[in-house]
Amino acid sequence: MKIKIASVMVANQEDALHFYTTVLGFVKQTDVSMGQFRWLTVSSPEGAEGVELVLEPMGFPPARTYQKALFEAGIPANAFITSDIDGEFRRLKERGVQFRGEPKEMGPITAVLFEDTCGNLINLVQPAA
């Protein structure tokens with residue numbers, strides 16, 4: 001068994017696609033119309049081959065409540081791994097990404113939260129060498 005698809009809830013798929021591709025640098029993989037929503041996925045050019053992130057539309061009202069509660073509690077919806085957190089932090093900050101502080105060492109990782117402009121917090125993590 002392996003993980004191939006993970007998802008992040010978004011209010012607007014087009015806005016999310018813009019952020020995840022133009023700002024973060026991910027690549028659109030799949031874009032299929034499914035009625036009022038789309039099966040829309042992106043992947044990281046640096047990530048494991050075949051792993052995709054679904055930009056999941058919030059068509060189910062409790063999803064909005066759940067997303068808002070996570071955001072307000074400061075709980076990340078997902079985590080992205082980097083081998084150069086300081087460089088990635090600077091690159092994303094230059095692109096206007098809103099961070100919740102500076103990268104901080106926390107035991108075996110260095111991490112910092114950022115907002116994805118879609119209502120989610122993402123944890124940017126660099127494992128200790």
Side-chain angles (χ1 to χ4, degrees):
M1 193 178 335
K2 63 182 174 178
I3 296 172
K4 176 162 173 51
I5 297 174
S7 65
V8 63
M9 294 181 292
V10 301
N12 181 299
Q13 288 182 298
E14 196 59 39
D15 291 346
L17 180 62
H18 173 78
F19 178 81
Y20 280 86
T21 57
T22 304
V23 178
L24 295 187
F26 290 177
V27 177
K28 181 168 69 170
Q29 290 298 311
T30 308
D31 189 351
V32 177
S33 177
M34 300 189 74
Q36 74 182 77
F37 300 116
R38 297 147 63 185
W39 178 257
L40 183 58
T41 69
V42 295
S43 65
S44 169
E46 300 172 21
E49 186 176 337
V51 175
E52 298 176 52
L53 180 68
V54 179
L55 304 177
E56 190 78 51
M58 289 192 290
F60 182 59
R64 292 184 191 279
T65 302
Y66 177 71
Q67 183 197 47
K68 183 178 179 191
L70 286 177
F71 189 86
E72 290 175 355
I75 299 171
N78 226 316
F80 299 151
I81 304 297
T82 181
S83 60
D84 179 14
I85 197 163
D86 293 325
E88 200 67 46
F89 177 77
R90 282 190 306 275
R91 179 182 78 85
L92 294 177
K93 201 160 181 122
E94 288 171 4
R95 292 182 176 199
V97 172
Q98 295 289 347
F99 282 91
R100 297 263 179 114
E102 304 276 326
K104 180 180 175 184
E105 285 188 36
M106 295 181 262
I109 66 168
T110 300
V112 63
L113 287 176
F114 69 86
E115 299 179 19
D116 76 350
T117 72
C118 305
N120 301 295
L121 293 174
I122 305 294
N123 203 13
L124 182 62
V125 177
Q126 178 180 329

Peer 1: Would you confirm whether Q67, through its side chain, and A77, through its main-chain N or O, come within 3.5 Å as a donor-acceptor pair?
Peer 2: no
Peer 1: To the nearest 0.5 Å, tell me how far N78 CG sits from D116 CG.
Peer 2: 9.5 Å
Peer 1: Please evaluate residues T117 and D15 with respect to the criterion side-chain contact (heavy atoms from CB on, under 4.5 Å), reporting the C-alpha separation (whole Å), side-chain torsions for both, the decisive distance (0.1 Å), and the verdict.
Peer 2: CA-CA 8 Å; T117 72; D15 291 346; 5.9 Å; no
Peer 1: Side chains of T41 and Q29: do they bring a donor and an acceptor to under 3.5 Å?
Peer 2: no
Peer 1: Can F99 and L92 be said to form a side-chain contact (heavy atoms from CB on, under 4.5 Å), step by step?
Peer 2: CA-CA 9 Å; F99 282 91; L92 294 177; 3.8 Å; yes
Peer 1: Would you name the heavy atoms of A111 and I109 that are closest together and state the gap between them?
Peer 2: CB-CD1, 3.9 Å
Peer 1: If you count every heavy atom of other residues, nucleotides or ligands that lies below 6.0 Å from K104 atom NZ, does the total exceed 12?
Peer 2: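 Open: at most 12 neighbouring heavy atoms sit under 6.0 Å from NZ of K104.
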Peer 1: According to a hydrophobic-cluster definition based on side-chain heavy atoms being under 4.5 Å apart (Ile, Leu, Val, Met, Phe, Trp, Tyr only), do L121 and V8 belong together?
Peer 2: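 No; V8 is not reachable from L121 via cluster members.
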Peer 1: Consider only side-chain heavy atoms of I, L, V, M, F, W and Y, link residues closer than 4.5 Å, and tell whether F26 and V54 are in one cluster.
Peer 2: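 F26 and V54: separate clusters.
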Peer 1: Check whether Q13 reaches the backbone of L55 with its side chain - one donor and one acceptor, N or O, closer than 3.5 Å.
Peer 2: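 It does hold such a pair.
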Peer 1: For a quick test of reading the model, state the closest non-hydrogen atom pair linking A63 to M9 and the distance between them.
Peer 2: CB-SD, 3.6 Å
Peer 1: Could you give the distance from CD1 (I3) to CD (E52), rounded to the nearest 0.5 Å?
Peer 2: 14.0 Å
Peer 1: With a 4.5 Å cut-off on side-chain heavy-atom distances among I, L, V, M, F, W and Y, is there a chain of contacts connecting L17 to M58?
Peer 2: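 Per the 4.5 Å side-chain linkage, L17 and M58 are not co-clustered.
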Peer 1: With a 4.0 Å cut-off, would you call E88 and R91 a salt bridge?
Peer 2: yes
Peer 1: Working to the nearest 0.5 Å, report the span between CG of N120 and CG of L113.
Peer 2: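 It is 11.5 Å, given to the nearest 0.5 Å.
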Peer 1: With side chains defined as the heavy atoms from C-beta onward, is the minimum distance between E14 and R38 less than 4.5 Å?
Peer 2: yes
Peer 1: Aromatic rings F80 and Y20: how do their planes relate, parallel, tilted or perpendicular, breaks at 30° and 60°?
Peer 2: perpendicular
Peer 1: Flag yes if more than 12 heavy atoms outside M106 fall under 6.0 Å of its CE atom; otherwise flag no.
Peer 2: yes
Peer 1: Give a yes or no on whether F19 and V112 share a hydrophobic cluster (residues Ile, Leu, Val, Met, Phe, Trp, Tyr; joining criterion: side-chain heavy atoms under 4.5 Å apart).
Peer 2: yes
Peer 1: Within 45° of the ring axis of F71 and under 6.0 Å from its six-membered ring centre, is that where the NZ or CZ of R100 lies?
Peer 2: yes
Peer 1: How many angstroms lie between atom CD of Q126 and atom CD of E105, to the nearest 0.5 angstrom?
Peer 2: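 Q126 atom CD to E105 atom CD measures 9.5 Å (nearest 0.5 Å).
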Peer 1: Going from OG1 on T65 to CG on L70, what distance comes out if it is rounded to the nearest 0.5 angstrom?
Peer 2: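 It is 11.0 Å, given to the nearest 0.5 Å.
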Peer 1: Take atom OH in Y66; do more than 12 heavy atoms of anything else shown fall under 6.0 Å from it?
Peer 2: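 No.
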Peer 1: Would you name the heavy atoms of G59 and F37 that are closest together and state the gap between them?
Peer 2: CA-CZ, 3.8 Å
Peer 1: CZ of F60: more than 12 outside heavy atoms within 6.0 angstrom?
Peer 2: no
Peer 1: Please check if the side chain of R95 supplies one atom and the backbone of T22 the other of a donor-acceptor pair under 3.5 Å.
Peer 2: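 Yes: the side chain of R95 pairs with the backbone of T22.
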Peer 1: Would you say I85 ends up clustered with L24 if hydrophobic residues are merged whenever their side chains have heavy atoms under 4.5 Å apart, either directly or through other cluster members?
Peer 2: yes
Peer 1: Hey, does the side chain of E56 reach the backbone of S7 with a donor-acceptor pair shorter than 3.5 angstrom?
Peer 2: no
